[in-house]
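Because the structure is predicted, anything quoted here is derived from the model rather than measured. Protein chains get the first letters and strands the later ones, always in sequence-line order, with residue 1 at the start of each.
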Number of protein chains: 2
Amino acid sequence: MSKADKSEVFTNVILEIFKLGGLLISEGDQLSKEYGTTSARWKVLGAIALADSPQTVSQIAKTMGLSRQAVQRLVDVISKEGLLEFRANPVHKKARLISLSDSGMDIYAKLDKKQVRWAKDNSLNFSKKDLQTTLSVLKDVSRQFEP
Amino acid sequence: MSKADKSEVFTNVILEIFKLGGLLISEGDQLSKEYGTTSARWKVLGAIALADSPQTVSQIAKTMGLSRQAVQRLVDVISKEGLLEFRANPVHKKARLISLSDSGMDIYAKLDKKQVRWAKDNSLNFSKKDLQTTLSVLKDVSRQFEP
DNA sequence: CTACAATTGACAACATATTGCCAACTTGGA
DNA sequence: TCCAAGTTGGCAATATGTTGTCAATTGTAG
């Protein structure tokens, strides 16, 4: 009885994630528009910026939980905009190492600054405890489905 | 100090939603594959099945938080598979009313049954209280961004 | 009744995600 | 050292989401 109710709540969490995901992508697109980029490309910039060292496409894709091909395409288009730098990978002849160019770092810093303000503004109505619970649950759910 | 930390947690929640969203779509695709459909189409079937009365494309789109055009395309392809029925709308000559056909209801019932089992299995490790907190937070976040 | 704004479906272009395929490349075991 | 299995980028097809445009339709105000 109680278990059945729990799985219904679980299902509603999932439906809400689908809905909220779309809304958040729109928000990201709005935030990044001024710098001529999109939320998907911003995510790639972020994955590169936050990595400890230059990464290959394949590594970035793993970090992001996306397919390699999706990231490859995004990297290609971001690279055309001059935001990335490539160098040879001593470990693999085909898989170059990718980092942000100077202008890539510049754009990312601006986006990040804007996002921090946005997050501050939009987290006002939530308690830290609730957000931490939410994060913990979401991470545990993710873990259940990761390949 | 404490506020800055909270917005970081908020940001991490958002990143986790992006990641988990992709994983859940894959799950939905796996679950629906056996009935020759996809998670996106299943969502449309669900929106129609759960509506109190037959809906127009535009109404379904509003319920789902998607664009009208996205839903139109999905409705068209689901209709080709014989899962939908259309009838005239007394209120609007162009906007037909859509409901599930007999086989549409059959497929949806099967998918729903499968999903209930899936949700039961996958909610085992979570407390009802945590899931309720999570749902509440996610809904409140959605509310902030809805048009 | 008429004019205008808003809504709706149809069609299109674009962005982004997946899976599949292939050749080049790397890794690990015999 | 050699070979088979696994990984990687490049290319392609498909699915799904967005925004834009247009004509048909509806709703509202004068």
Donor-acceptor contacts, no H, no angles, side chain residues 63-75 of chain A, under 3.5 Å, sequence neighbours left out:
from	atom 1	to	atom 2	distance (Å)
A:T63	OG1	A:Q59	O	3.1
A:S67	OG	A:A70	N	3.2
A:Q72	NE2	A:D76	OD1	3.1

Please state how far atom [atom1] in [X] lies from atom [atom2] in [N], giving the value in whole angstrom units.
X	N	atom1	atom2	result
B:W42	D:dT16	CH2	P	14 Å
B:F18	D:dG17	CZ	P	15 Å
B:R41	D:dG17	CZ	P	10 Å
B:I25	D:dT16	CD1	C1'	9 Å
B:L24	D:dG17	CG	C1'	17 Å
A:K43	C:dT16	NZ	P	10 Å
B:Q72	D:dT18	CD	P	14 Å
A:N89	C:dT26	CG	P	9 Å

Excluding sequence neighbours, so at least two apart, what forms salt bridge (Lys or Arg N to Asp or Glu O under 4.0 Å) with [X]?
X	answer
B:D106	B:K110
A:R143	A:D140
A:R96	none

Using atom types as modelled and distance alone, determine if a side-chain donor or acceptor of [X] lies under 3.5 Å from a backbone N or O of [Y].
X	Y	answer
A:S39	A:G28	no
A:K6	B:S123	yes
A:T133	B:T133	no
B:T134	B:D130	yes

Q) Has B:D102 got more than 12 heavy atoms of other residues, nucleotides or ligands less than 6.0 Å from its CG? A)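 No, not enclosed.
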Q: Only pairs at least two apart or in different chains count here, so list each ring-ring contact (aromatic ring centres under 6.0 Å, His included) that has a residue in residues 99-139 of chain A.
A: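 As it turns out, the ring-ring contact (aromatic ring centres under 6.0 Å, His included) pairs with a partner in residues 99-139 of chain A, which skip direct neighbours, are A:W118-B:F10, A:W118-B:F145.
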With 3.5 Å as the limit, what N/O pairs link the protein to nucleotides 19-24 of chain C?
from	atom 1	to	atom 2	distance (Å)
C:dG20	O6	A:Q69	NE2	2.6

Q | Shortest non-hydrogen contact from A:V13 toward B:L131 | A |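 Scanning both residues completely, I find the closest heavy atoms to be CG2-O, 3.7 Å.
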Q. Under a 4.0 Å heavy-atom cut-off, which of residues 45-66 of chain A touch DNA chain D?
A.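 Per residue number, the list reads A:T56, A:V57, A:S58, A:K62.
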(Q) Ignoring hydrogens and geometry beyond distance, is a side-chain donor-acceptor pair present between A:N122 and A:E27 at under 3.5 Å? (A)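 There is no such pair between these side chains.
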Q. Under a single-linkage definition using a 4.5 Å side-chain heavy-atom cutoff for Ile, Leu, Val, Met, Phe, Trp and Tyr, are B:L50 and B:I98 assigned to the same hydrophobic cluster?
A.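 Shared cluster, yes.
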**Q.** Residue pairs, two or more places apart or on separate chains, that pass side-chain hydrogen bond (donor to acceptor under 3.5 Å, both in side chains) and touch residues 9-21 of chain A
**A.**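 Passing the test, one end in residues 9-21 of chain A: A:T11-B:Q115, A:E16-B:S142, A:K19-B:E146.
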Any protein N or O atoms within reach of nucleotides 1-3 of chain D? Criterion: under 3.5 Å, listing atom names and distances.
none

Q.
Test: salt bridge (Lys or Arg N to Asp or Glu O under 4.0 Å). Region: residues 28-40 of chain A. Which pairs qualify, not counting sequence neighbours?
A.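 Applying salt bridge (Lys or Arg N to Asp or Glu O under 4.0 Å) to every pair that reaches into residues 28-40 of chain A, excluding sequence neighbours, yields A:E34-A:K114.
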Q: Scan residues 73-80 of chain A against DNA chain C and write down, sorted by residue number, each residue with any heavy atom closer than 4.0 Å; if none is found, say none.
A: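 Going residue by residue through residues 73-80 of chain A, the ones with a heavy atom under 4.0 Å of DNA chain C turn out to be A:R73, A:L74.
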Q. CD1 of B:I78 to CG of B:L45: how many Å apart, nearest 0.5 Å?
A.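 B:I78 atom CD1 to B:L45 atom CG measures 4.5 Å (nearest 0.5 Å).
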Q.
Let me check the geometry of the helix from C:dC1-D:dG30 to C:dA30-D:dT1. What is the bend angle between the axes at its two ends, five pairs each, to 10°?
A.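 Taking the rotation axis at each end, their angle is 30°.
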